[in-house]
Amino acid sequence: MSNAKIAAKIAKAAAKKKSEPITKLLNKCDAEDLILALNALANIGDENSSNFMVHFLDHEDKNVRLTACKACLSVNTEYMKTRVRHQLAMEKDAETKVLIQQAFNAV
């Protein structure tokens, strides 16, 4: 599937506030599409979205990790804050660590 097709499917599911079609696409996404998907899941904010967002907190791509942290923080539960705190403690990239801390401080 091309990136444009995946992005279109993510946008369509996000508009309908349906997380399941997005979560089914996650294994086909590159980093750019993962960022779109995580932002869409954050806007949906249901339990299914939350369950999938945490899987990307330690993704190999620092932009995906940062987006996952921001998405989790947008859910604004103690569980999600705890998961982001853990990622913050484990983060090795100094720049990403600062950005995660800034996102955490903004909540």
Side-chain angles (χ1 to χ4, degrees):
M1 221 182 266
S2 73
N3 290 343
K5 284 184 180 180
I6 290 173
K9 286 185 177 194
I10 291 169
K12 183 177 178 181
K16 293 180 179 181
K17 296 272 188 193
K18 298 201 179 248
S19 60
E20 188 174 343
I22 297 171
T23 58
K24 287 182 178 181
L25 292 171
L26 293 175
N27 64 345
K28 299 176 185 177
C29 291
D30 60 13
E32 186 177 318
D33 289 329
L34 276 175
I35 290 169
L36 288 174
L38 288 167
N39 285 324
L41 291 172
N43 288 329
I44 295 169
D46 63 1
E47 186 175 348
N48 187 46
S49 297
S50 298
N51 290 337
F52 278 90
M53 289 187 295
V54 296
H55 293 288
F56 296 94
L57 291 171
D58 61 353
H59 191 272
E60 61 191 26
D61 185 288
K62 66 182 182 179
N63 293 320
V64 172
R65 288 194 308 272
L66 177 59
T67 302
C69 287
K70 288 179 179 180
C72 288
L73 289 171
S74 74
V75 175
N76 202 18
T77 64
E78 286 306 313
Y79 172 74
M80 290 302 216
K81 288 178 185 176
T82 300
R83 293 298 305 259
V84 173
R85 272 189 210 104
H86 176 73
Q87 180 56 35
L88 185 57
M90 302 304 292
E91 184 60 51
K92 292 181 175 136
D93 183 75
E95 180 184 347
T96 304
K97 191 168 192 153
V98 168
L99 294 171
I100 293 170
Q101 183 65 58
Q102 288 173 350
F104 196 83
N105 292 343
V107 173

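In what follows, residues are counted from 1 in the order of the sequence shown. What you are looking at is a predicted structure, and each value in this text was computed from that prediction instead of being measured.
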Do L41 and N48 have side-chain heavy atoms sitting under 4.5 Å apart?
no
Determine, stepwise, if the pair M53 / V75 fulfils side-chain contact (heavy atoms from CB on, under 4.5 Å).
CA-CA 10 Å; M53 289 187 295; V75 175; 3.4 Å; yes
Should L57 and V98 be regarded as members of a common hydrophobic cluster, given that ILVMFWY residues are connected when their side-chain heavy atoms come within less than 4.5 Å of each other, either directly or indirectly?
no
In short, I10 meets A37 closest at the heavy-atom pair CD1-CB, 3.9 Å
Closest non-hydrogen contact found for L25 with I6 is CD1-O, 4.2 Å
Calculate, to the nearest 0.5 Å, the distance between atoms CZ and CD belonging to F52 and E47 respectively.
11.5 Å
Would you name the heavy atoms of V54 and C72 that are closest together and state the gap between them?
CG1-SG, 4.0 Å
Please round to the nearest 0.5 Å and tell me the distance separating atom SG of C69 and atom CD of E91.
7.5 Å
Could you tell me whether a side-chain N or O of S50 sits under 3.5 Å from a main-chain N or O of D46, the two making a donor and an acceptor?
yes
State the CD1-CG distance between I44 and N39, to the nearest 0.5 angstrom.
11.0 Å
Hey, mind stepping through T67 and F56 against side-chain contact (heavy atoms from CB on, under 4.5 Å) and telling me if it holds?
CA-CA 9 Å; T67 302; F56 296 94; over 6 Å; no
Do the side-chain N and O atoms of K17 and N43 include a donor-acceptor pair separated by under 3.5 angstrom?
no
Side-chain contact test, heavy atoms from C-beta onward, threshold under 4.5 Å: evaluate it for V107 versus K81 and give yes or no.
yes
Test side-chain contact (heavy atoms from CB on, under 4.5 Å) on L88 and K97; report intermediate values, then the result.
CA-CA 6 Å; L88 185 57; K97 191 168 192 153; 3.7 Å; yes
Give the minimum heavy-atom separation between Q87 and R65, together with the two atoms involved.
NE2-CD, 3.7 Å
Is the closest side-chain heavy-atom distance between I100 and K70 below 4.5 Å?
no
Start with the C-alpha distance between K18 and K12, add both sets of side-chain angles, then the distance that settles side-chain contact (heavy atoms from CB on, under 4.5 Å), and finish with yes or no.
CA-CA 9 Å; K18 298 201 179 248; K12 183 177 178 181; over 6 Å; no
Search all heavy atoms of S74 against all heavy atoms of A71 and return the closest pair with its distance.
OG-O, 2.6 Å
Rounded to the nearest 0.5 Å, how far apart are NZ of K28 and CG of N3?
13.0 Å
For residues M90 and F104: do they belong to one hydrophobic cluster (side chain heavy atoms under 4.5 Å, members Ile, Leu, Val, Met, Phe, Trp, Tyr)?
no
Step through the shown structure and confirm whether more than 12 heavy atoms of other residues, nucleotides or ligands are within 6.0 Å of CD on Q101.
yes
